[in-house]
Amino acid sequence: DTAVSQTPKYLVTQMGNDKSIKCEQNLGHDTMYWYKQDSKKFLKIMFSYNNKELIINETVPNRFSPKSPDKAHLNLHINSLELGDSAVYFCASSQDGTGRGGYTFGSGTRLTVV
Amino acid sequence: EDQVTQSPEALRLQEGESSSLNCSYTVSGLRGLFWYRQDPGKGPEFLFTLYSAGEEKEKERLKATLTKKESFLHITAPKPEDSATYLCAGEPFNDYKLSFGAGTTVTVRA
């Protein structure tokens with residue numbers, strides 16, 4: 001029973017398209033995140049939601065828009081995809097946003113823009 | 001800006017050859033220092049959180065320690081299944097996000 005699940009696992013798309021990545025957690029956690037892992041393996045936070053409320057919004061192009069319909073789901077929509085958006089995107093969750101007990105990550109979505 | 005630096009970038013070990021990974025951080029008001037393991041094609045898997053200098057935590061062949069400026073992950077008598085990328089991350093008191101290092105990729109040969 002996967003704790004944090006993301007779909008799709010792989011996404012190949014052309015420049016200019018719009019795509020969405022979905023994330024669901026069944027841990028009962030209050031806080032969810034989107035992280036981006038670039039080709040150099042650095043993980044950088046993009047967004048965080050606590051109980052459906054946006055609490056972290058890093059310097060990310062406004063082509064990226066997160067949506068949290070409820071505290072168990074956090075989706076990421078990307079408009080007008082660019083080559084530089086190619087990366088692995090990870091969803092994560094934590095109990096109360098402080099990370100006690102660790103952040104639980106999904107298995108990632110590898111986005112390739114051609 | 002919060003920064004986490006890990007060294008070495010890569011570490012090749014013979015099975016049974018113990019070693020240590022280093023994580024130095026400049027995170028203002030560190031709330032916690034996290035260690036994760038990441039296997040190829042998978043998400044980071046939580047290992048430890050350390051909250052104060054002098055704290056140590058152990059799990060099987062791994063032991064993590066924390067000082068005021070850095071953390072070490074000691075791998076004792078590693079086995080091939082310990083091969084992975086080990087990520088270190090700092091969480092500040094005033095923010096709910098992790099600053100990750102680039103990781104150390106450990107390869108253990110039988």
Side-chain angles (χ1 to χ4, degrees), chain A residues 2-10 21 23-25 27 29-51 53-60 66 87-110, chain B residues 1-11 21 23 25 27 29-52 55 57 59 62 64 66 71 73 84-106:
Chain A
T2 307
V4 178
S5 57
Q6 298 178 226
T7 53
K9 188 165 176 64
Y10 299 98
I21 307 171
C23 178
E24 175 182 2
Q25 56 97 0
L27 298 167
H29 286 170
D30 287 335
T31 310
M32 295 185 72
Y33 311 81
W34 278 111
Y35 279 82
K36 177 180 179 181
Q37 188 169 43
D38 61 24
S39 56
K40 293 185 178 180
K41 303 296 185 186
F42 269 106
L43 269 161
K44 286 206 71 175
I45 191 163
M46 301 172 69
F47 303 103
S48 172
Y49 270 76
N50 182 271
N51 240 328
E53 182 185 341
L54 182 66
I55 55 172
I56 293 174
N57 185 352
E58 292 295 286
T59 310
V60 174
V88 182
Y89 293 85
F90 287 98
C91 178
S93 71
S94 68
Q95 179 66 44
D96 56 7
T98 65
R100 284 190 180 268
Y103 295 74
T104 303
F105 283 80
S107 57
T109 296
R110 181 173 292 276
Chain B
E1 186 180 312
D2 297 337
Q3 199 163 350
V4 176
T5 305
Q6 291 188 247
S7 62
E9 282 186 26
L11 191 59
L21 285 54
C23 169
Y25 62 90
V27 175
L30 184 79
R31 188 206 316 266
L33 191 292
F34 294 75
W35 281 98
Y36 282 84
R37 169 191 171 126
Q38 187 174 22
D39 292 299
K42 296 193 175 179
E45 177 190 338
F46 173 70
L47 292 173
F48 307 108
T49 312
L50 302 165
Y51 292 104
S52 53
E55 189 176 359
K57 288 196 177 168
K59 181 178 178 178
L62 301 176
L66 182 66
S71 178
L73 184 67
T85 296
Y86 292 88
L87 300 168
C88 169
E91 181 191 53
F93 270 108
N94 63 350
D95 217 340
Y96 299 110
K97 62 183 181 183
L98 295 175
S99 294
F100 278 89
T104 295
T105 299
V106 174

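Letters A, B, ... are given to chains in the order of the sequence lines, protein chains preceding strands, and every chain is numbered from 1.
Residue with the most contacts toward chain B among Gln37(A), Arg110(A), Gln6(A): Gln37(A) (heavy-atom pairs, distance under 4.5 Å).
The number of heavy-atom neighbours closer than 6.0 Å to CD of Glu58(A), taken from other residues, nucleotides and ligands shown, is above 12. Atom NZ of Lys9(A) has more than 12 heavy atoms from other residues, nucleotides or ligands within 6.0 Å.
Contact of Phe48(B) with chain A is not made at all, since no heavy-atom distance falls under 4.5 Å. When heavy atoms are compared at a cutoff of 4.5 Å, Ile56(A) approaches chain B solely by way of its side chain, counted from C-beta outward.
The line from OH of Tyr35(A) to CG of Leu98(B) is 4.0 Å long, rounded to the nearest 0.5 Å. To the nearest 0.5 Å, atoms OH (Tyr103(A)) and CD (Glu91(B)) are separated by 3.5 Å.
Between Phe90(A) and Gln38(B), the closest heavy-atom pair is CZ-NE2, 3.4 Å.
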